[in-house]
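Beneath this line is the structure, given in structure tokens, with notes to follow.
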Amino acid sequence: MIPDKIPVGGDIYYGAAEITKGAHVPNFQKYKELYLHSIQNPEEFWGKIAKEFYWKTPQTGSFLDYNFDHTKGKVYVKLMEGATTNICYNLLDRNVYDKKLGDKIAFYWEGNDPGDSMEITYKGLLQQVCKFANVLRAQGVKKGDRIAIYMPMIIELVVAMLACVRIGAIHSIVFAGFSSESLCERILDSRCTFLVTADGFYRGDKLINLKQVVDEALRKCRERNFHVRKCIVVKHNGGTEEAGEAETSITPESPPAKRPCQGKDNEETKNTHHKIQVPWNADVDVWWHELLKEASDECEPEWCKTEDPLFILYTSGSTGKPKGVQHTIGGYLLYTATTFKYVFNYQPDDIYWCTADIGWITGHSYVTYGPLANGATSVMFEGIPTYPDSSRFWEVIDKYKVTTFYTAPTAIRLLMKFGDGPVKRFSRQSLKILGTVGEPINPEAWHWYYTVIGNGRCPIMDTFWQTETGGHMITPLPAAIPQKPGSATFPFFGVVPAILNESGEELEGEAEGYLVFKKPWPSIMRTVYGNHERFETIYFKRFPGYFVTGDGCRRDRDGYYWITGRIDDMVNVSGHLLSTAEVESALIEHAAVAEAAVVSHPHPVKGESLYCFVTLKDGHEFTNTVVTELKNQVREKIGPIATPDYIQNAPGLPKTRSGKIMRRILRKVARNEEDLGDVSTLADESVIDELFSNRCKTT
Ligand code: WT7
């Protein structure tokens, strides 16, 4: 229940008073009123919002139809049945033609290197999207086809995703830090017929030969008898093609190809940066700019049903196999647009910057869909927070006069280590609203963000949500919901949270337990691609009638919600969920490993890190070489974000009599906590001493 009032005083923060001027939701009473309306009459609440968008044909069935109780039949959610629309049309054509925003900047693109930048208007974006949509159609892409996208943070990534959406194809974006194995696995799972990528890019001062990773992934796909039809490559690094599957090699500077979405040349970096030689397979590879040359910039959208799939985005599953989270068109449009508007109190002259990579859900919902649906101007950033130095974020904020800044706690903790100096070099005067996402934010980082970055003027939106939810679920609203550092505060409109105990009973008032949602909201995922049963098992079986988040949660006496972290075998490394099972299976593939168990370990910057216990096969010795090989193995199988911090030799693992590994004990060993609690179910207690004496030295 939402309280009537928020207590005054104590550790509660509001930001500057001016934030309330012209706010969409000016105070807590208004929030409560709107919230209750959204819950009591979702049809009226969302129906009014839906009117702001374009529907080719209106809804014919009921507004919302659903079943959350698997014991009563198939779990499903259907919104606005019968209506047809196209998201790309709503994001671009509607803004250009109806709202007359054609000349408004959609994105300021800021490259990895300072000085490398460009901008694109709504009209410009629409033209590029139409051209690429025509290219895809000409290549034979049809409605419902899956297209894999594996790209750095460049405008062509947005163009590619919206071009898919325009013709009813389903994009499956794979974060460009994932390994060839992970890319291959994702291409295979959803049988993607096309792949869109880039030659390479710089991440800080590191050159990434993306196309080489792509070639390895496509080779792995072919080994498993799957052939993508075409691999479309953006020339971003300016590399030259090389026949065959070449090794990475560096070529001297050659004039880069100009392209419409390309930034200005930067004299300073031009001479120090290398161009890659791009491994090229003429049977499948084709340059983006070659295909676009002849394409028309007019393209009739494919009118789709609201419940048609929009995209697939893979997220870690606790069994180790990534799940293809599938979102649908109508609900995702309504929800990302609405959360963006209210949570960031969006105003037409705002300059908004979300630092997330589009390869994650935050980038889908709050770099692309939410901001464009509102006709907003955003900064899109290719680089990293510490390149060329640790004041890059603040420099970019001043450069574009950013009003709304949305980033991750891990980035804040990282930058906090450099002290206030790099921040104070820039004014950050334009900032109005700050946001965080991805993991709980510790009060120390919260306070630094609030006082140093925001000068005590900017409220912080600690947004709790998931890949599965599509948009913000529990979050403050700038003028309406005062913040307590570390709390995501209250549910967004249409969201009905509950806290359950072990036996599935709803807890009232002050309580702690499992966080679940009792009713669907528009952008809830609809299925796991190709495996609806898995969807039901993961999210609905444990507590029939509820959507289970997998997070623990506490409600305090003022009604504020505090996310306490995952309660399954997931580890949140720098805001990215990894399943321990996935890392374990990567370790076990090493010839020397008999068994592996992975747990989370607290980390000052990353939030959590991976601590691995491995049992070697007889005849193998635990050496530094093995440790390095194992770390590399995980990097190669999953990607650099999954690189373990610690690998411990564990000749014996703590197991129950039935052979189940007791991770609870391993977590204690990793943290060097000797109080192990109840160990009566342990089959062999003698392993414990050895585990403690083999502990890795941790930070
Ligand atoms: C998990 C979802 C949501 C986009 C990025 C991550 C954790 C997310 C918060 C927050 C505490 C948070 C949860 C959640 N999480 N935001 N504000 N406070 N925890 O998406 O990879 O699907 O991860 O991230 O544990 O379940 P994701």
Side-chain angles (χ1 to χ4, degrees), residues 1-50 52 334-347 350 366 370 374 404 406 432-437 446 450 457-465 469 471-499 508-510 515 517-523 553-563:
M1 250 345 271
I2 311 293
D4 287 331
K5 269 208 195 86
I6 294 298
V8 196
D11 205 18
I12 295 193
Y13 297 81
Y14 298 81
E18 70 212 36
I19 208 83
T20 52
K21 260 189 271 152
H24 298 308
V25 190
N27 54 50
F28 193 76
Q29 268 60 46
K30 187 71 190 165
Y31 156 70
K32 185 163 177 179
E33 204 180 297
L34 285 166
Y35 176 78
L36 291 178
H37 178 55
S38 75
I39 302 301
Q40 285 153 3
N41 197 341
E43 168 147 18
E44 203 177 273
F45 183 88
W46 295 109
K48 190 167 164 222
I49 290 169
E52 293 166 29
L334 291 187
Y335 201 75
T336 53
T338 309
T339 46
F340 177 81
K341 173 178 166 185
Y342 286 98
V343 173
F344 300 119
N345 192 33
Y346 172 67
Q347 308 290 333
D350 280 354
Y366 300 109
N374 282 275
T404 315
Y406 190 31
K432 291 194 298 192
I433 289 161
L434 301 172
T436 69
V437 58
W446 196 98
Y450 189 80
R457 292 184 296 107
C458 311
I460 299 181
M461 302 304 107
D462 175 352
T463 60
F464 166 83
W465 57 295
T469 70
H472 304 143
M473 297 299 281
I474 301 186
T475 174
L477 299 178
I481 302 181
Q483 302 105 62
K484 295 188 186 190
S487 166
T489 74
F490 288 96
F492 189 74
F493 306 136
V495 172
V496 188
I499 299 181
E508 303 295 332
E510 260 186 280
L515 177 65
F517 295 112
K518 292 170 71 165
K519 285 188 179 167
W521 57 99
S523 68
C553 182
R554 180 168 71 83
R555 191 170 39 222
D556 70 14
R557 70 193 143 110
D558 300 326
Y560 278 68
Y561 287 84
W562 302 73
I563 307 302

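Note: hydrogens, waters and symmetry copies are ignored here, and every other heavy atom, side chains too, is used. Because the structure is a prediction, the values reported are computed rather than measured.
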Got more than 12 heavy atoms from elsewhere within 6.0 Å of NZ, K32? yes
When you measure from the side chain of Q483 to the backbone N and O of I481, does any donor-acceptor pair fall under 3.5 Å? yes
If we only count heavy atoms from C-beta on, is the P476 to Y560 side-chain gap below 4.5 Å? no
Would you call the rings of F340 and Y346 parallel, tilted or perpendicular, taking 30° and 60° as the class edges? tilted
From R457 CZ over to E18 CD, what is the distance, rounded to the nearest 0.5 angstrom? 6.5 Å
Check for a donor-acceptor pair, side chain of Y13 on one end and backbone N or O of C458 on the other, with a separation under 3.5 Å. no
Point-to-point distance, once rounded to the nearest 0.5 Å, from CG of L477 to CG of N27: 11.0 Å
When rounded to the nearest 0.5 angstrom, what distance separates OG in S38 from OH in Y31? 8.0 Å
Can you tell if the side chain of Y14 reaches within under 4.5 Å of the side chain of T20, non-hydrogen atoms only? no
Start with the C-alpha distance between N374 and F344, add both sets of side-chain angles, then the distance that settles side chain to side chain contact (heavy atoms under 4.5 Å, CB included), and finish with yes or no. CA-CA 11 Å; N374 282 275; F344 300 119; over 6 Å; no
Mind checking whether Y561 and F490 have parallel, tilted or perpendicular rings, split at 30° and 60°? perpendicular
Keeping D556 on the side-chain end and D558 on the backbone end, is there a donor-acceptor pair under 3.5 Å? yes
In Å and rounded to the nearest 0.5 Å, what is the NZ to OG1 distance from K48 to T338? 11.5 Å
Passing option when F492 is tested against W465, F517, Y335, W521 for ring-ring contact (aromatic ring centres under 6.0 Å, His included): Y335
Taking every non-hydrogen atom, the tightest pair across G471 and S523: N-OG, 3.7 Å
Could you state the interatomic distance from CD (Q347) to NZ (K21), rounded to the nearest 0.5 Å? 11.5 Å
Minimal non-hydrogen separation, P522 against W46, with atom names: CG-CE2, 3.6 Å
Between T463 and Y366, a side-chain donor and acceptor under 3.5 Å: no
Whether the side chain of Q29 engages the backbone of K5 through a donor-acceptor N/O pair (distance < 3.5 Å, no angle test) should be reported. no
Over 60° means perpendicular and under 30° means parallel, so tell me whether H472 and Y406 are parallel, tilted or perpendicular. perpendicular
Test K484 against every option in T489, I12, D462, I6 by the side chain to side chain contact (heavy atoms under 4.5 Å, CB included) rule and name the one that passes. I12
First locate atom NZ of K519, then atom CD1 of I39, and finally report the distance between them rounded to the nearest 0.5 Å. 6.0 Å
Would you name the heavy atoms of A480 and P482 that are closest together and state the gap between them? O-CD, 3.5 Å
Specify the closest pair of heavy atoms between N345 and D350, including all atoms of both residues, with the distance to one decimal. O-OD2, 3.9 Å
Where is the tightest heavy-atom contact between I2 and F28, given as atom of each residue plus distance? CG2-CZ, 3.7 Å
Mind listing the closest non-hydrogen atom pair of P26 and H24 along with its distance? CD-O, 3.7 Å
Taking the side chain as every heavy atom from C-beta outward, state whether T469 and V495 have any atom pair closer than 4.5 Å. no
